[in-house]
**Student:** 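First, the structure itself, so that you have it in front of you.
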Amino acid sequence: MGDPNVERTFIMIKPDGVHRGLVGKIIKRFESKGFKLVAMKFMWPSEQLLRQHYSDLSNNQFFPGFIKYMLSGPVVPMVWEGLDAVKTARFLLCAANRKDANPGTIRGDLCTQTEHSGPNVIHGADAVEAAEREIGLWFTEKELVTWTRTVDTWVYE
Ligand code: CDP
Ligand code: MG
């Protein structure tokens, strides 16, 4: 295990989040929490990239409809860095509890149809290894920006 302060996670605002104009609001959650932005893109992903990203879901019945939804507009893939970034981001999303996403969380506050194949505005990697794999799919090494925030002395001891 490396230094938890520099753990990186992969986050993606899904097409419904973009269509609904929630990009700024969602980014704000991560900024406010104290995470550091390392990479971000605005792009319309290829079907091939989405199939690679979600390869573990491909045998599910909902998969064709889900891919159609994911192809319905541009997305905002991002890399955020910070203390326990992967687990903490899953809490911010309310990913583990999709059925009753708690108010105060991103899904809990910003979408309603969180239970099944409905649009749920955001993706967050569910483990450190998954985050590394996903970051590698969406970004080149060069696109991951190395920088130091002057504010970090106020966020981390
Ligand atoms: O995104 P999260 O990790 O909370 O859920 P997941 O179980 O890893 O599923 C990934 C995504 O597939 C979900 O966010 C949904 O958008 C979609 N999904 C779906 O359309 N129908 C389901 N029955 C389950 C998941
Ligand atoms: Mg997942």
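Numbering starts at 1 and runs along the sequence shown. For ligands, and for the atoms within them, numbers begin at 1 and follow the listed sequence.
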**Student:** Among F63, Y54, F62, which one has a heavy atom closest to atom 21 (N) of ligand 1?
**Tutor:** F62
**Student:** Relative to the ring of F62, is the ring of F66 parallel (under 30°), tilted (30 to 60°) or perpendicular (over 60°)?
**Tutor:** perpendicular
**Student:** So that I can tick it off, tell me whether E7 and K87 are bridged by a salt bridge, with the cut-off set at under 4.0 angstrom between side-chain N and carboxylate O.
**Tutor:** no
**Student:** How does N120 reach ligand 1, if at all, at less than 4.0 Å between non-hydrogen atoms: by side chain, backbone, both, or neither?
**Tutor:** side chain
**Student:** Can you confirm, on distance only, whether ligand 1 has an N/O atom lying under 3.5 Å from any N/O atom belonging to Y69?
**Tutor:** no
**Student:** Is D109 salt-bridged to R29, going by a charged N under 4.0 Å from an acidic O?
**Tutor:** yes
**Student:** Give the contacting part of N60 toward ligand 1: side chain, backbone, both or neither, where contact means a heavy-atom distance below 4.0 Å.
**Tutor:** neither
**Student:** Between H123 and ligand 1, which part of the residue brings a heavy atom under 4.0 Å of the ligand: side chain, backbone, both or neither?
**Tutor:** neither
**Student:** Find all atoms of ligand 1 within a distance of less than 4.0 Å from any non-hydrogen atom belonging to R107, and give their numbers and elements.
**Tutor:** 1 (O), 2 (P), 4 (O), 14 (O)
**Student:** Given that the side chain starts at C-beta and the backbone is N, CA, C, O, which of these parts of R90 lies under 4.0 Å from ligand 1, counting heavy atoms, or is it both or neither?
**Tutor:** side chain
**Student:** Identify whether the distance between the nearest side-chain nitrogen and carboxylate oxygen of E47 and R51 falls below 4.0 Å.
**Tutor:** yes
**Student:** Which atoms from ligand 1 have a heavy atom of L57 less than 4.0 Å away?
**Tutor:** 9 (O), 10 (C), 12 (O)
**Student:** Is the closest heavy atom of M70 to ligand 1 under 4.0 Å?
**Tutor:** no
**Student:** Within a reach of under 6.0 Å around OH of Y54, are more than 12 heavy atoms found that belong to other residues, nucleotides or ligands?
**Tutor:** yes
**Student:** On the ring face of W147, is K36 found with NZ or CZ under 6.0 Å from the centre and within 45° of the axis?
**Tutor:** yes
**Student:** Please work out which of the three classes, parallel, tilted or perpendicular, describes the rings of W80 and F30, given edges at 30° and 60°.
**Tutor:** parallel
